[in-house]
Amino acid sequence: MPELPEVESVRRGVDEWTAGALITGAEVVDPRILGTTSARRVDDTAAAAFVRTVTGRRITGAQRRGKFMWLTLDGEDGLLVHLGMSGQMRVHLAADEAHRHTRAVFRLERGEERFDLRFVDQRIFGHLSVQPLVPAHGRLVPASAIHIAPDPLEDAFDINATLAALARKRSPIKAALLDQTLISGVGNIYADEALFRAGIHPLAIAARTRRNRLAAVLESATTVMGDALAVGGTSFDDLYVNVNGESGYFDRSLLVYGRGGQECVRCGGEIAKLTVAGRGSHFCPNCQKPPRYR
DNA sequence: CCGATTCCCTGTTAGC
DNA sequence: TGCTAACAGGGAATCG
């Protein structure tokens, strides 16, 4: 499931391949990827409109904030690409056999090069859309990403502001970490890993957690995502690969995620699993003591 | 206003 | 063995 390190790995590949390229055509194989989560019913008319909107545009580069990625079109609009949990961006020659779950294809031309940029998404939680770029937290971002907070790897990230935002949340810290309006880029895997590395229980209430402990969680999240990015991200379930179809290697460095029932690498105890904010949460009950509030 | 829950999807896996 | 139910989860809408 693509989180910041995976989306950034994809963005880098997409940027290398597409910066300066002309979109000479496009095809929407499955119109559902044009809808938002709530409005999946998108008809062929919308698909045709999407194709008309992107065709003939020049890609200036690929940008990212948190898990939101977009291609700038002529420097004025953004072609938003959200990978959801199984989305992939793949570069292929037009003659290459299409992947079973290809949902959209962009025909690109750059100099003498001609190739396809394909959006592949098994579970259709991802989506594509073209939107005007609007200012948010010191940058221009697609309009639908205006509410997304800066991520820990961008210049606009403000540690003190993020700490203050976390300290206002009366929800479990695991839920707060997943709230993309507080801090972006952190998903279920890295939230669990950050909490384990900081020794914080996922059910600890953010607002009742000491400031230096919250800071430790942020520090851990930043570090673990940076480490993951350095090895191409986490390919836990084979649904994530980069633009060239390559997996990342961080799965072997995961300490708690997906390790329920196994031994804790730190204390030898048993990794437990419970549901927080509707997501599976893996943690060590010994290394991450349950909170005790009066 | 805020936190919790539901829904959108498909492929894999556990269980009867 | 074969079928069904449960599970995985990012993000937005809806609920309480």
Side-chain angles (χ1 to χ4, degrees), chain A residues 1-8 10-11 28-42 64-70 80-89 99-104 119-129 131 136 141-149 151 164-194 202-209 221 225 233-241 251 254 256-261 273-282 293:
Chain A
M1 31 234 92
E3 304 177 27
L4 188 154
E6 293 77 33
V7 179
E8 174 61 12
V10 171
R11 185 204 67 77
V28 176
V29 181
D30 189 331
R32 288 177 297 178
I33 50 103
L34 298 180
T36 62
T37 348
S38 61
R40 286 291 183 186
R41 280 186 290 278
V42 179
R64 181 190 60 76
R65 166 167 281 169
K67 306 172 198 170
F68 288 70
M69 171 172 63
W70 61 94
L80 179 69
V81 179
H82 198 293
L83 302 178
M85 69 171 291
S86 59
Q88 306 176 354
M89 292 292 273
H99 187 283
R100 177 182 175 188
H101 301 296
T102 300
R103 311 296 184 186
F119 182 70
V120 177
D121 188 8
Q122 180 195 93
R123 298 183 191 172
I124 321 184
F125 271 35
H127 62 268
L128 305 174
S129 65
Q131 300 170 30
V141 306
S144 69
I146 195 169
H147 61 298
I148 300 302
D151 67 63
L166 281 177
R168 282 193 292 270
K169 302 301 285 188
R170 301 184 202 283
S171 55
I173 188 157
K174 169 73 185 277
L177 284 175
L178 296 177
D179 185 341
Q180 304 296 301
T181 67
L182 300 181
I183 173 177
S184 70
V186 181
N188 204 40
I189 295 176
Y190 298 110
D192 281 2
E193 294 298 315
L203 287 178
I205 301 302
R208 304 189 68 168
T209 302
M225 290 197 295
T234 300
S235 298
F236 188 76
D237 52 11
D238 288 350
L239 287 181
Y240 160 71
V241 292
D251 58 313
L254 298 177
V256 286
Y257 183 83
R259 300 192 64 244
K273 183 179 179 184
L274 52 78
T275 299
V276 182
R279 302 291 177 257
S281 295
H282 316 72
Y293 304 122

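Since we're looking at a predicted model, the values are computed, not measured. Lettering of chains follows the sequences in order, A, B, ..., and the numbering in each one begins at 1.
Without hydrogens or angle criteria, A:Gln131 side chain to A:Ser144 main chain gives a donor-acceptor distance under 3.5 Å.
For A:Leu4 and C:dG11, the CG to P distance is 11 Å, given to the nearest whole Å. Atom CD1 in A:Ile148 sits roughly 6 Å away from atom P in C:dG11 (whole-Å rounding). Going from atom CZ of A:Arg65 over to atom C1' of C:dG11 covers 17 Å, rounded to whole Å.
An OP1 or OP2 oxygen of C:dA12 is reached within less than 4.0 angstrom by a side-chain nitrogen or oxygen of A:His147. A close approach under 4.0 Å does not occur between any side-chain nitrogen or oxygen of A:Lys174 and OP1 or OP2 of C:dG9.
In summary, A:Glu8 and A:Arg64 engage in a salt bridge, as defined by a charged side-chain N under 4.0 Å from a carboxylate O.
For A:Asp251, the side-chain hydrogen bond (donor to acceptor under 3.5 Å, both in side chains) test picks out no residue, with sequence neighbours left out. Taking the side chain to side chain contact (heavy atoms under 4.5 Å, CB included) definition, one finds that A:Ala149 meets it with nothing, sequence neighbours left out. Scanning for side chain to side chain contact (heavy atoms under 4.5 Å, CB included) contacts around A:Ala277 gives A:Ala175, with sequence neighbours left out. Remark: A:His282 pairs with A:Asp192 by the side-chain hydrogen bond (donor to acceptor under 3.5 Å, both in side chains) rule, at least two apart or across chains.
Residues A:Asp121 and A:Gly87 come closest through the heavy atom pair OD1-N, 3.4 Å.
Residue ring and nucleobase are stacked for A:Phe125 and C:dG9, with a centre distance beneath 5.5 angstrom and an angle between planes beneath 30°.
Contact check for A:Arg103 versus A:Val28: no side-chain heavy atoms found under the 4.5 Å cut-off.
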With the criterion being N/O to N/O and under 3.5 Å, what pairs connect the protein with nucleotides 11-13 of chain B, and how long is each?
from, atom 1, to, atom 2, distance (Å)
B:dG11, OP1, A:Arg100, NH2, 3.3
B:dG11, O4', A:Gln122, OE1, 3.3

Find every protein N or O atom lying less than 3.5 Å from an N or O atom of nucleotides 2-6 of chain B, and list the pairs.
from, atom 1, to, atom 2, distance (Å)
B:dG3, OP1, A:Arg170, N, 3.4
B:dG3, OP2, A:Lys169, NZ, 2.7

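Comparing C:dA8, C:dG11, B:dT10 by their closest approach to the side chain of A:Tyr257 singles out C:dA8.
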